[in-house]
There are 2 protein chains.
Amino acid sequence: MVQFVHPSREDITLAGVLAALADPMRLRIVKSLLEQSNDCMSCTEAMPCPGMAKSTLSHHFRVLREAGLIQTSKQGVEHRNVVRVADINARFPRLLKTILGYPEGT
Amino acid sequence: MVQFVHPSREDITLAGVLAALADPMRLRIVKSLLEQSNDCMSCTEAMPCPGMAKSTLSHHFRVLREAGLIQTSKQGVEHRNVVRVADINARFPRLLKTILGYPEGT
DNA sequence: TTCAATAGTTCACTATTACTGAACTATTGA
DNA sequence: TCAATAGTTCAGTAATAGTGAACTATTGAA
């Protein structure tokens, strides 16, 4: 049985969030998730580039999860991921909106 | 003769800036620099914690410099560092103010 | 029930990056 | 010219990232 590690809201650190977002792949994953109507996607749906290895993708999701940026829950055979918008906004107001507002590839 | 590498404004990347700030030491260095009246300090003046090795400090300044966050110029025997506020604000509006606005240790 | 397919994780290995002591360069002042 | 100061560079170790291979868990079909 797989158990996911999700830090509580107060354990989310600025350094952790910045480090997690300081990677183009992960930034794109978070953007993809937020562009969904329900903010919810499986890991492969949110894959930033086609050829990427499954284990690499899994690694990026784990980094985002352990930084407190996303919440992962198992639904059937796939994992549904949601950005923890409320938690991040409570802890670091305007941070998400600011960082994700810049155009792709900057 | 020591030559410093400073990226031009358009070469400053979001990932680079976030990675540079995703370290408590470097975040404190940038905060220190901005709290100065002239935003200008030598490396040792901006040292985030007393016992830190000189080479580690130098390393952190280099990361900040190569990310485009600070500009370093030699004045006499010491190096004066300035935060490139205009460049960062032009490239990533509100980013600096947002990130540096959170209380210490978050 | 059993077997195959799918989604994702974990392991193990290599490759890159970070930290720091030691040695070095450059400037100033005695 | 010599010593002191500020900081860099080098080299070695420690930590972190990327990925193929093997594994777990769920679903659906024979």
Side-chain angles (χ1 to χ4, degrees), chain A residues 1-7 13 15-30 32-33 36 40-82, chain B residues 1-7 13 15-30 32-33 36 40-82:
Chain A
M1 178 57 186
V2 184
Q3 254 334 96
F4 294 121
V5 179
H6 290 103
T13 67
V17 170
L18 294 182
L21 294 178
D23 180 292
M25 301 295 173
R26 292 196 288 265
L27 205 56
R28 284 170 66 180
I29 292 175
V30 173
S32 296
L33 289 177
Q36 287 305 104
C40 185
M41 288 173 102
S42 73
C43 295
T44 43
E45 281 174 329
M47 169 146 20
C49 50
M52 174 177 283
K54 272 196 311 178
S55 47
T56 306
L57 187 65
S58 182
H59 164 71
H60 284 313
F61 273 91
R62 184 157 63 91
V63 172
L64 289 171
R65 194 184 305 131
E66 293 180 354
L69 273 161
I70 64 172
Q71 172 143 44
T72 308
S73 57
K74 195 152 192 177
Q75 282 184 17
V77 74
E78 62 186 23
H79 293 183
R80 305 302 293 179
N81 298 283
V82 194
Chain B
M1 178 55 186
V2 185
Q3 251 337 91
F4 294 122
V5 179
H6 290 103
T13 67
V17 170
L18 293 183
L21 294 179
D23 180 293
M25 301 297 174
R26 292 196 288 265
L27 205 57
R28 284 169 67 180
I29 291 174
V30 174
S32 296
L33 289 177
Q36 289 304 106
C40 184
M41 290 173 99
S42 73
C43 296
T44 43
E45 281 173 330
M47 169 146 18
C49 50
M52 175 176 283
K54 270 195 312 176
S55 47
T56 306
L57 188 64
S58 182
H59 163 71
H60 284 313
F61 272 91
R62 185 156 64 91
V63 172
L64 289 171
R65 194 184 305 131
E66 293 181 354
L69 274 161
I70 64 172
Q71 173 143 43
T72 308
S73 57
K74 193 151 191 178
Q75 283 186 16
V77 73
E78 63 187 20
H79 294 184
R80 307 301 292 180
N81 298 283
V82 193

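These numbers were taken from a predicted model, which means no experiment stands behind them. Order of the sequence lines sets the chain letters (A, B, ...), proteins ahead of strands, with each chain counted from 1.
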Practice item. Could you state the atom-to-atom distance from NZ of A:Lys74 to P of C:dG8 in whole Å? Key: 9 Å
Check your understanding: Taking atom P of C:dT27 as reference, at what distance in whole Å does atom CD of B:Glu78 sit?
Key -> 13 Å
Review point. Once you round it to whole Å, what is the distance between C1' of C:dT28 and NE2 of B:His79?
Key: 14 Å
Revision key, fill the gap. note: B:Met52, atom CE; D:dT8, atom P; distance rounded to Å ~ 13 Å
Review point. In the strands shown, is C:dA26 matched to any nucleotide by a Watson-Crick or G-U wobble pair with both distances under 3.5 Å, and which?
Key: D:dT5
Practice item. Quick one: look up who D:dC10 pairs with, Watson-Crick or G-U, both distances under 3.5 Å, and put none if it's unpaired. Key: C:dG21
Revision key, fill the gap. Of the candidates C:dG21, D:dG18, D:dA25, the side chain of B:Ser55 sits closest to C:dG21
Exercise for review: Please determine, by modelled atom types, if A:Ser73 and A:Arg80 share a side-chain donor-acceptor pair under 3.5 angstrom.
Suggested key: no
Review point. Just by modelled atom types, is the A:Glu66 backbone N or O under 3.5 Å from a matching donor or acceptor in the A:His6 side chain?
Key: no
Study note, to complete from the structure: From NZ of B:Lys54 across to C1' of C:dA26 the rounded distance in Å is 12 Å
Check your understanding: Which nucleotide sits closest to the side chain of B:Phe4: D:dT8, D:dG18, D:dA22?
Key -> D:dT8
**Study point:** Main-chain N/O of B:Arg28 paired with B:Ser32 side-chain donor or acceptor, under 3.5 Å
**Key:** yes
Review point. Pick the nucleotide of DNA chain C nearest each of A:Val77 and A:Thr72; which residue has the one closer to the 5' end?
Key: A:Val77
**Study point:** Whole angstrom value for the distance that separates P of C:dA26 from CD of B:Gln75
**Key:** 19 Å
Check your understanding: Taking the side chain as C-beta and beyond, is there a heavy-atom pair between B:His60 and B:Asp23 under 4.5 Å?
Key -> yes
**Study point:** Close approaches to DNA chain C from residues 57-71 of chain A, in residue order (heavy atom, under 4.0 Å)
**Key:** A:Ser58, A:Arg65
Point to revise | Donor-acceptor contact present, side-chain B:Ser58 to main-chain B:Lys54, <3.5 Å | key: no
Revision key, fill the gap. Note: for A:Gly76 and A:Asp23 on DNA chain D, the residue whose nearest nucleotide lies more 5' is A:Asp23
Exercise for review: Please find out if less than 6.0 Å separates the ring center of B:His79 from that of B:Phe61.
Suggested key: no
Review point. So which nucleotide from D:dT19, D:dT8, D:dG18 ends up closest to the side chain of A:Ala53?
Key: D:dT19
Check your understanding: Hey, mind stepping through B:Val63 and B:Arg26 against side-chain contact (heavy atoms from CB on, under 4.5 Å) and telling me if it holds?
Key -> CA-CA 9 Å; B:Val63 172; B:Arg26 292 196 288 265; 3.7 Å; yes
